[in-house]
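Please read the structure below before turning to the comments.
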Amino acid sequence: MSSTAGQVIKCKAAVAWEAGKPLVMEEVEVAPPQAGEVRLKILFTSLCHTDVYFWEAKGQTPLFPRIFGHEAGGIVESVGEGVTHLKPGDHALPVFTGECGDCPHCKSEESNMCDLLRINTDRGVMINDNQSRFSIKGQPIHHFVGTSTFSEYTVVHAGCVAKINPDAPLDKVCILSCGICTGLGATINVAKPKPGSSVAIFGLGAVGLAAAEGARISGASRIIGVDLVSSRFELAKKFGVNEFVNPKDHDKPVQQVIAEMTNGGVDRAVECTGSIQAMISAFECVHDGWGVAVLVGVPNKDDAFKTHPMNLLNERTLKGTFYGNYKPRTDLPNVVEKYMKGVSLFILNCASF
């Protein structure tokens, strides 16, 4: 057992005291894990745009003070009562959504939307007792999506922690705990393009590049990147994108441009921006009869998706996904193994930007 097991740990954390105000490095107290929980020593964490979105608090209910961060890798320091799949010293990735293993979603081969542990951006406490495990001089500090990795130590529900190969480089695979799996899985697990097919990727940030990598792995022959920032196009070539469209360069809707490029539309489209217009364009640019569009980006709370019903009646399919339809505990270790075996070079490429 760890020498700190069962004790409160004092460590550094980047605390957001107010919306949009700079994070402050503070000494926080991290309580021991309770039943069904794990305390992790975070070794590597990255910044996801979702952290920024909720730090700005422009489109949701503010919840402060809070410790953000949800894309990370670390080592298990101690475990709470009843935790059997993890032990101190294990290398692990915390994930913003979980897998209880018992609910209908977890038992389904088609869903990763766990009833107990699916993402909840409004909850700032642990589900076991509705209390925070973080405090500063007795003041509770809110959690963020059950992970709060901008802290040297954090407490996470065990169902949101995936045990991985200890030989995997945590500084690389930490990004699998959010954006990379989200984009990769959106293409491989949800869009499921066939070899030789055409795929349009809307948004060429990290998630979009992962979606493009998924299209490349699937054998798509035409991978069309769509982005308002043309400077992203050169980097996207490393991930299989071989054609580019900047909507600002055209005087017609981008879905019409893509339909004309592809003789009626692409076979698959994956939207990775959160822009409602990009979502509509992604759906309307797929071919009738068999086209499938997958929405990945999170829209603003007041957005509404509008399209003519004939687009659906003409046998286009619209799907959504969280975390690329991966089950964290079951699937994430296998994704890490594929990376270790060289199935995908995406993460290595990621280190360059």
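Computed from a prediction, not measured in an experiment: that's the story for all the values here. Heavy atoms only: backbone and side chains are in, while hydrogens, waters and symmetry mates are out.
In plain terms, the two heavy atoms of C181 and Y323 that are nearest each other are CB-CE1, 3.6 Å. In terms of heavy atoms, L63 sits closest to H142 at CD1-NE2, 3.6 Å.
For R133, the side chain to side chain donor-acceptor pair (under 3.5 Å) test picks out E37, D129, with sequence neighbours left out. With sequence neighbours excluded, the residues forming a side-chain contact (heavy atoms from CB on, under 4.5 Å) with D227 are L204, V229, R232, F233, listed by chain and number. Taking the side-chain contact (heavy atoms from CB on, under 4.5 Å) definition, one finds that D249 meets it with N246, sequence neighbours left out. With sequence neighbours left out, D115 forms a side-chain contact (heavy atoms from CB on, under 4.5 Å) with C103, P104, H105, R118. Shown here are the side-chain contact (heavy atoms from CB on, under 4.5 Å) partners of P253, two or more places apart in sequence or in another chain: Q255, Q256. When the side chain to side chain donor-acceptor pair (under 3.5 Å) test is applied to N165, the partners found at least two apart in sequence or on another chain are E337. Residues meeting the ring pair (Phe, Tyr, Trp, His ring centres under 6.0 Å) test with F68, sequence neighbours left out: F144. Partners of E29 under the side chain to side chain donor-acceptor pair (under 3.5 Å) rule, at least two apart in sequence or in another chain, do not exist in this structure.
Applying the ring pair (Phe, Tyr, Trp, His ring centres under 6.0 Å) rule to pairs touching residues 153-194 yields nothing, sequence neighbours excluded. Applying the side-chain hydrogen bond (donor to acceptor under 3.5 Å, both in side chains) rule to pairs touching residues 186-200 yields S198-D267, sequence neighbours excluded.
Through side-chain heavy atoms spaced under 4.5 Å, either directly or across other Ile, Leu, Val, Met, Phe, Trp or Tyr residues, M279 is tied to I276, I280, F283, L295, F305, L312, L318. Listed by chain and number, the hydrophobic cluster partners of I127 are L116, L117, where partners are ILVMFWY side chains within reach of under 4.5 Å, directly or through others.
Of the listed residues (T50, V145, V95), just one forms a side-chain contact (heavy atoms from CB on, under 4.5 Å) with I119, and that residue is V145.
Relative orientation of the W290 and H287 rings is parallel, given thresholds of 30° and 60° on the angle between their planes.
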